[in-house]
Amino acid sequence: MQNRSIVQIIQEKVAQCLASEFNFTIEPNDVVVNETKKEFDGEYTVVIFPFVKALKMSPPQIGEKLAAALINGSDIFKNSNLVAGFLNLEMSDSAWQTELLRVSQDESFGVFPKNGKKIMIEFSSPNTNKPLHLGHVRNILLGVSSALIYEALGYEVIKTKIINDRGIAICKSMYAWEHYSNGETPESSGIKPDHFVGKYYVKFNEILNEEYSNWQKSDNANALIETKGAQAHREDFFKKYKNNYFNEYSQIGSATKQMLLDWEDNKEETIALWKKMNNWVYAGFDETYAKMGVNFDIIYYESETYKLGRKYVEEFVEKGLFYREEDGSIWIDLEDVNLDKKILLRSDGTSVYMTQDIGTAKQRYEDYGIDSMVYVVADEQNYHFKALFEILKRMGEPYSEALFHLSYGMVELPTGRMKSREGTIVDADDLIAEVISEAENSVKEKGGLEELTDDQKSNIYKQIGLGALKYHMIKVNPKKKMIFDPKESVDMQGQTAPYIQNAFVRFKSIERKLGELKTDIDYSAYTLHPLEKDLIQSISKYPEIVKEAGQQFDPSALANYSYNLAKQFHKFYQELRIITAESEEAKQFRIALGTEVAKVLEKAMGLLGIEMPERM
RNA sequence: GGUCUCGUAGCUCAACUGGAUAGAGCAGCUGCCUUCUAAGCAGCAGGUUUCAGGUUCGAGUCCUGACGGGAUCACCA
């Protein structure tokens, strides 16, 4: 990127005038320049209030003098008006022309120079016992777009996921498959392999539930109810007791736990089964990732990282940062920063979640020498990450000031939270298939693509359907929990990706009709329409939006920006002619303007992982 | 109960991080296709920003309290 934007120039002029007229020094960046509200004349507004105190003058006094100085001192201002403490500035046509030219000549507009820094972004991070669902989709979209945004900001980005491939959950699927599948495989059943494994996870729970409800009628259970005095609320009691039952009484529970022990002992056949089933899951996941356009630079497996933190914990006990309880367990006291005492190693010497995360963080730093690290994880883990970051800080890790938890709100349905028990989990593959087929219906109903090949058409269905889904999820500020209405996710009207894509497509359609372009038309004396100024103003601020989206880890800023730009373009398109414009200057100017709008739309949506079709 | 977090139109979301009369979309109602793709445009209607105080030139945004949701407080991950 090169040169200064029109806003930066205004800030500089204001700072200069404040210095020359009032002998007041201010950094140009600190001058507040807003877009002027529609009901006033002008395009940019300088807020005077902040200077009032320092200058000991009233807002009108400052405003009038400043306005006079600005307009006399430069030909970029055409006019001004002062309302209360707001100085509204009307920019000259030549200023807008210059701005459009600047944008169009900047090959890397909105792409910042390489800054030599490495950032690692962890997202997706699934368990291997069931397929991806709606919650993962939000996570993945945030991870992907954050990665793209940081690349545009000049970082070297390393995308990673850590797969939870071990533990009791996967053993459940393994157990159920071993005992109830009759050797069925994804190939033999024709089921997508991750769904296939998920099917056996469900199967396990069915069997467990059956076993449990039988047990509830047993003498054992009755005696237990008696001793706990829970006769009055039996059902409630059993609901809460399920985990205890699994650990203490259940037949398949103990068989599954044995499987986990065998796995830890590296028992050959258990490992073989584990690998077989996990590989099925990975094959399934990869299909889903491919459909969403996701890839990773490095994958970490918990089966490999779960032992990592232990030696550091021991090391820092010696340094006095952690302490050992009498039973041998190791802790850190974080109560002085409003967190609790956290356990870091169990009394039997085995690791907990926190131990692994400490080890993995150090491992990643050793692997890549990263400058910062982002964890895309739902906000239910806020507490955990606060504690983790505090611990790494106290350990004096060099990257500990550059850790960020991209904490996002849970996805809920209009009927409430998704519950596997109630079968309300929205499956990622189903959802993707549905939005694509909805896009297909919509295109066919509308017509106009008949001359394209089947491949081209199916590609367009994907671009529209996936665009709609991705946009629908990413337009919401990540921090907020979102209510996902499946009906609305396939909408193609209003604030949606297809609306934005359509603005792009409309201009592409014009481009195709233009034929050979005359490049020698001089439109520098052309008088701009207000709608054209609006568009230039919007395009101009695109780099700032990218920066903001990155700094705030908020891709929704780009989603909203894209929508507003598309909306302005649709209005422009509706009210002004391009090919049949009133003059050759107008035509050329509008083509130049439309070209830049289309480019920015494509870039902005690109940073959200959304593609633009040429036609739709 | 402790800690954190959220509360904006019937619904889903914005509001440039303290700036002007709080904006969009959906849903509802009116208009606009022999003219560059109507997945569009123009318009109507919809609000005491949960409530009560405070801070200041100025508060949806900051502080205090109340009410109402959510998350979390395991030798689970």
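Within the shown strands, B:rG25 is the pairing partner of B:rC11 under the Watson-Crick or G-U definition, both distances less than 3.5 Å. The partner of B:rG60 is absent, by the rule that a Watson-Crick or G-U pair needs both atom distances under 3.5 Å. The partner of B:rC4, taking Watson-Crick or G-U wobble pairs whose two distances both stay under 3.5 Å, is B:rG70. Under the Watson-Crick and G-U wobble criteria, each requiring two contacts below 3.5 Å, nucleotide B:rC41 is paired to B:rG31.
The base of B:rA20 lies close enough to the side chain of A:Asn88 for a donor and an acceptor atom to sit less than 3.5 Å apart. Between the side chain of A:Lys446 and the base of B:rU37 there is at least one donor-acceptor pair of N/O atoms closer than 3.5 Å.
Stacking of A:Phe49 onto the six-membered ring of B:rG19 is present: less than 5.5 angstrom between centres, less than 30° between planes. Taking a centre distance below 5.5 Å and an interplanar angle below 30 degrees as the stacking criterion, A:Tyr499 does not stack against the six-membered base ring of B:rA39. Once the 5.5 Å centre distance and the 30° plane angle are applied, the aromatic ring of A:Phe86 is found not to be stacked with the base of B:rG19.
Look at A:Glu451 and A:Arg615 and you find a salt bridge, because one of the NZ, NE, NH1 or NH2 atoms lies within 4.0 Å of a carboxylate O, short of that distance. Salt bridge A:Arg590/A:Glu532: present, at least one basic N to carboxylate O contact under 4.0 Å. Ion pair A:Arg310/A:Glu314 not flagged as a salt bridge, since none of the NZ, NE, NH1 or NH2 atoms sits closer than 4.0 Å to an Asp/Glu carboxylate oxygen.
Checked against B:rA39, B:rU17, B:rA14, the side chain of A:Gln552 finds its nearest nucleotide in B:rU17.
Taking 4.0 angstrom as the limit, A:Arg512 places none of its side-chain polar atoms (N or O) nearer than this to OP1 or OP2 of B:rU37.
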